[in-house]
Amino acid sequence: MSKRNITYIKPDEPDFLKRMKAQIGYKEGPTVDDKRQRVQDLSDDSDDEDREDREDEKPQVVVVKHGDLTAEEAEKAIKEEQEKPADLNQRVVFKSKKSKHAKNTDDTDVLDRKAKKKKDKETKSKLSFDDDEEENDDD
């Protein structure tokens, strides 16, 4: 496959639009290239992978009852976890995002909808000419 270089040249703005924008004081917003440049400038300043969490980004520790982790114990646990090498012998198992309870409710909703459709089909009467005669007999 050959690679094709596709370029786009934005045409000049018509004079009547330039005049209208000048009258209302319209200012052009940032372009896509400007936004890309800002993102590159920000990413050059710091590497997200190697950066340590700043103090204001760390989670706040709240001790509700006796036996909960204190701030010092939490820091110690985090350091131990980071120092521990990854166990590459274990299988990686991905869990579904839906909980088992949510799955059961979805199944019941589907079954309820199917049952309702079936009832609707049963209640619809077929074309019959005898219905009028039965109504007259009841009166």
Side-chain angles (χ1 to χ4, degrees):
M1 280 189 142
S2 64
K3 293 184 180 182
R4 297 182 183 180
N5 189 9
I6 300 174
T7 58
Y8 171 74
I9 300 172
K10 188 174 180 179
D12 291 338
E13 201 170 69
D15 291 335
F16 73 96
L17 285 177
K18 289 179 185 176
R19 285 191 302 258
M20 287 175 60
K21 287 181 178 181
Q23 286 176 352
I24 62 171
Y26 178 78
K27 292 183 180 178
E28 196 70 33
T31 63
V32 175
D33 295 329
D34 295 340
K35 291 179 181 179
R36 281 190 190 135
Q37 185 62 35
R38 272 191 274 161
V39 169
Q40 285 178 347
D41 292 344
L42 291 175
S43 65
D44 291 342
D45 293 341
S46 65
D47 251 350
D48 289 331
E49 295 176 12
D50 297 333
R51 185 176 64 102
E52 291 291 325
D53 286 340
R54 294 187 310 211
E55 187 65 34
D56 61 341
E57 292 179 344
K58 290 185 179 180
Q60 183 176 4
V61 178
V62 178
V63 178
V64 178
K65 54 187 171 183
H66 183 69
D68 289 345
L69 286 178
T70 62
E72 295 82 25
E73 291 172 340
E75 275 187 38
K76 183 179 177 184
I78 291 171
K79 286 181 183 178
E80 287 176 2
E81 186 176 319
Q82 289 174 350
E83 292 173 358
K84 181 175 63 172
D87 187 10
L88 301 177
N89 294 330
Q90 291 182 346
R91 289 182 55 191
V92 177
V93 179
F94 296 99
K95 296 180 182 177
S96 66
K97 292 182 181 180
K98 291 184 179 179
S99 66
K100 291 180 182 179
H101 179 70
K103 184 177 181 182
N104 291 339
T105 57
D106 290 343
D107 292 342
T108 56
D109 291 342
V110 171
L111 293 175
D112 290 342
R113 280 189 255 138
K114 287 182 180 179
K116 187 175 180 181
K117 285 183 182 179
K118 188 174 182 180
K119 286 181 182 179
D120 288 344
K121 287 182 181 179
E122 290 176 359
T123 57
K124 289 183 182 178
S125 63
K126 296 180 181 178
L127 183 64
S128 174
F129 297 104
D130 295 332
D131 291 339
D132 294 334
E133 292 175 8
E134 289 176 11
E135 290 176 7
N136 291 339
D137 291 341
D138 293 337
D139 290 336

- Message: Per the salt bridge (charged side-chain N to carboxylate O under 4.0 Å, His left out) rule, what does the pair list look like for residues 75-84, sequence neighbours excluded?
- Response: none

- Hydrophobic cluster partners of Tyr26 (side-chain heavy atoms under 4.5 Å): Ile24

- Item | Residue list, side chain to side chain contact (heavy atoms under 4.5 Å, CB included) with Pro30, at least two apart or on another chain | Asp34, Lys35, Arg38

- Which ILVMFWY residues can you reach from Val92 by hopping between side chains whose heavy atoms are under 4.5 Å apart? Phe94

- Who passes side chain to side chain donor-acceptor pair (under 3.5 Å) against Gln37, sequence neighbours left out? Asp41

- Could you list the residues that satisfy side chain to side chain contact (heavy atoms under 4.5 Å, CB included) with Asp33, not counting sequence neighbours? Thr31, Arg36

- For Glu73, the side chain to side chain contact (heavy atoms under 4.5 Å, CB included) test, sequence neighbours excluded, returns Leu69, Thr70

Considering only distance and modelled atom types, tabulate donor-acceptor pairs under 3.5 Å from the side chains of residues 10-20, sequence neighbours left out.
residue, atom, partner, partner atom, Å
Glu13, OE2, Lys21, NZ, 2.5

- Task: Check which hydrophobic residues are tied to Tyr8 through side-chain heavy-atom contacts below 4.5 Å, counting indirect links as well, and list them.
- Result: none

